[in-house]
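See below for the structure under consideration.
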There are 2 protein chains.
Amino acid sequence: MPEMQDEFTPRQRAVLDKALGLLVEGGERALTTAGLARAANCSKESLYKWFGDRDGLLAAMIAHQASKVRARIDGGEKLDHGRFRAHLVDFANDLLQVLSGDVSLALNRLAIGQASREGSRLGALLIERGRRGIDKRAGALLEAGRQRGLIAYHDRDAAYHTLYGLIVRDLHVRMLLGEAGVRRLDNHAALAEEAVEQFFVLFGVRKEETASRDRT
Amino acid sequence: MPEMQDEFTPRQRAVLDKALGLLVEGGERALTTAGLARAANCSKESLYKWFGDRDGLLAAMIAHQASKVRARIDGGEKLDHGRFRAHLVDFANDLLQVLSGDVSLALNRLAIGQASREGSRLGALLIERGRRGIDKRAGALLEAGRQRGLIAYHDRDAAYHTLYGLIVRDLHVRMLLGEAGVRRLDNHAALAEEAVEQFFVLFGVRKEETASRDRT
DNA sequence: ACAGAACCGTACCGTACGGTACGATCAGAA
DNA sequence: TTCTGATCGTACCGTACGGTACGGTTCTGT
């Protein structure tokens with residue numbers, strides 16, 4: 001046994017991938033234990049042995065997917081205005097691309113559908129293992145920009161949420177609802193540019209007034 | 001028969017209200033035909049007679065709820081900057097209040113959960129009957145402000161979506177996921193104020209440069 | 001008062017799913 | 001080779017749901 005690098009064995013990961021495939025293709029109703037066993041050529045007994053019950057399987061799917069999408073951290077080269085802006089645009093593009101991905105949408109639909117049931121931790125799981133990385137990356141990026149005097153804010157979380165809102169707008173919910181035409185990825189680049197532009201209007205520091213503000 | 005004012009009879013509306021109650025309380029799984037018949041003191045046969053099948057019931061619930069929440073149109077008094085700003089803040093508060101409502105969240109969760117199945121029109125229905133009114137109101141408001149020279153934009157939809165993003169940020173998805181602590185309504189007022197503030201920074205027209213832009 | 005429709009409550013049917021049990025099969029260790 | 005453990009395929013069980021059928025009851029129009 002090669003010192004399990006993940007929290008799942010390769011076999012289990014293959015099964016989880018099949019499960020994600022079923023979920024993407026047909027939604028939660030298509031993800032049945034019997035169907036997964038048939039699609040993945042495994043037995044239902046193994047599924048219950050590995051993941052406990054169906055909820056455990058769903059949680060494992062989220063953990064597995066999160067372990068695949070590792071949020072990269074932007075290198076710490078010297079930041080001038082151009083590099084900083086480029087990093088923000090990259091972040092915006094990555095964010096839009098992730099949120100509009102098939103697997104992301106399917107998992108979010110799943111967690112949202114389960115959110116009504118009382119003891120459901122899927123939503124929290126999705127936020128913790130999926131969003132935390134993105135938030136960290138953006139937070140570090142904003143902090144770097146602030147320390148270089150390129151932007152100014154009083155509350156980093158508030159600034160980040162504003163940036164998020166400028167980028168995503170209502171696209172995420174519309175995509176989750178399945179509205180046709182929203183997933184045109186063509187516009188994403190333009191949307192990202194415009195969002196960052198607006199973010200600089202709100203939080204950018206003009207060169208002549210650099211270092212006129214302080215933290216809090 | 002008193003010339004059905006809605007598209008449903010009073011009896012049917014009462015049943016639909018019960019259905020919404022079940023949905024809010026226990027999610028989609030709690031909304032069974034037998035359960036609804038028991039809770040509403042009606043027969044399953046009547047349910048199928050009135051709404052066709054379960055999907056028809058869900059669609060009827062959305063239509064019924066939309067018919068209750070009539071988006072009011074702001075009166076057309078003379079707009080100065082103060083009134084315009086106040087109307088925008090009102091709109092932001094109303095939007096946050098609607099999106100964080102129990103019934104709205106439950107219906108959105110329902111439609112999102114069904115979005116994966118192919119022939120599901122619930123998402124489109126929710127957008128058409130729920131969002132259209134809000135969009136119209138905001139669009140009219142923005143257009144009035146532009147004609148008074150209080151704001152300037154090239155694309156009204158783009159401006160509206162930016163306003164929407166500034167107000168809602170990622171709150172809607174977080175609430176849909178059931179994250180605890182996001183539904184503190186206390187902050188809503190402050191969030192609305194800040195969003196409108198930022199919107200004016202992006203789209204506001206300084207008094208000295210009024211009427212320097214035109215439509216497109 | 002009477003007929004017909006609408007409606008209620010309950011019972012019923014077929015299906016599909018979550019979860020369990022069991023014999024057969026395969027892989028590795030002694 | 002033989003033993004042991006993990007896994008496969010299948011069969012099985014109980015339950016719950018969507019949808020239908022039916023007898024009894026209430027409402028409505030004439």
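Predicted model, so just to flag it, every value in this text is computed and none were measured. Residue numbering restarts at 1 for every chain, and letters A, B, ... go by the order of the sequence lines. Because only heavy atoms are used, hydrogens play no part in the values below, and waters and symmetry mates are left out as well, while side chains stay in.
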* What nucleic acid atoms does B:Arg11 come within less than 4.0 Å of, heavy atoms only: base, sugar-phosphate, or nothing? -> sugar-phosphate
* Asked: Do any pairs count as a ring-ring contact (aromatic ring centres under 6.0 Å, His included) and have a residue in residues 166-200 of chain A, sequence neighbours left out, and if so which ones?
  -> A:His81-A:Phe200, A:Phe84-A:Phe200, A:Phe199-A:Phe203
* To do: Can you tell me which residue pairs pass the salt bridge (charged side-chain N to carboxylate O under 4.0 Å, His left out) test with a partner in residues 25-35 of chain B, sequence neighbours excluded?
  => B:Glu28-B:Arg54
* Asked: Looking only at side-chain N and O atoms, does A:Trp50 come under 4.0 Å of OP1 or OP2 in D:dA6?
  -> no
* Summarise how protein sits on nucleotides 10-29 of chain C as a single string, 5' to 3': B when a protein heavy atom is under 4.0 Å from the base, S for sugar-phosphate-only contact, - for no contact. => -------SBBB-B-------
* Would you find a donor on one side and an acceptor on the other, under 3.5 Å apart, between the side chain of A:Thr162 and the backbone of A:Ala158? ->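 Looks like yes, one N/O pair under 3.5 Å.
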* Asked: Quick one: do the A:Tyr48 and A:Asp53 side chains pair a donor with an acceptor below 3.5 Å?
  ->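 No, no side-chain donor-acceptor pair sits under 3.5 Å.
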* To do: Using whole Å, report how far NZ of B:Lys49 lies from C1' of C:dC7.
  => 8 Å
* Tell me, with the steps shown, if B:Asp55 and B:Arg121 meet salt bridge (charged side-chain N to carboxylate O under 4.0 Å, His left out). => CA-CA 9 Å; B:Asp55 288 342; B:Arg121 300 252 324 140; over 6 Å; no
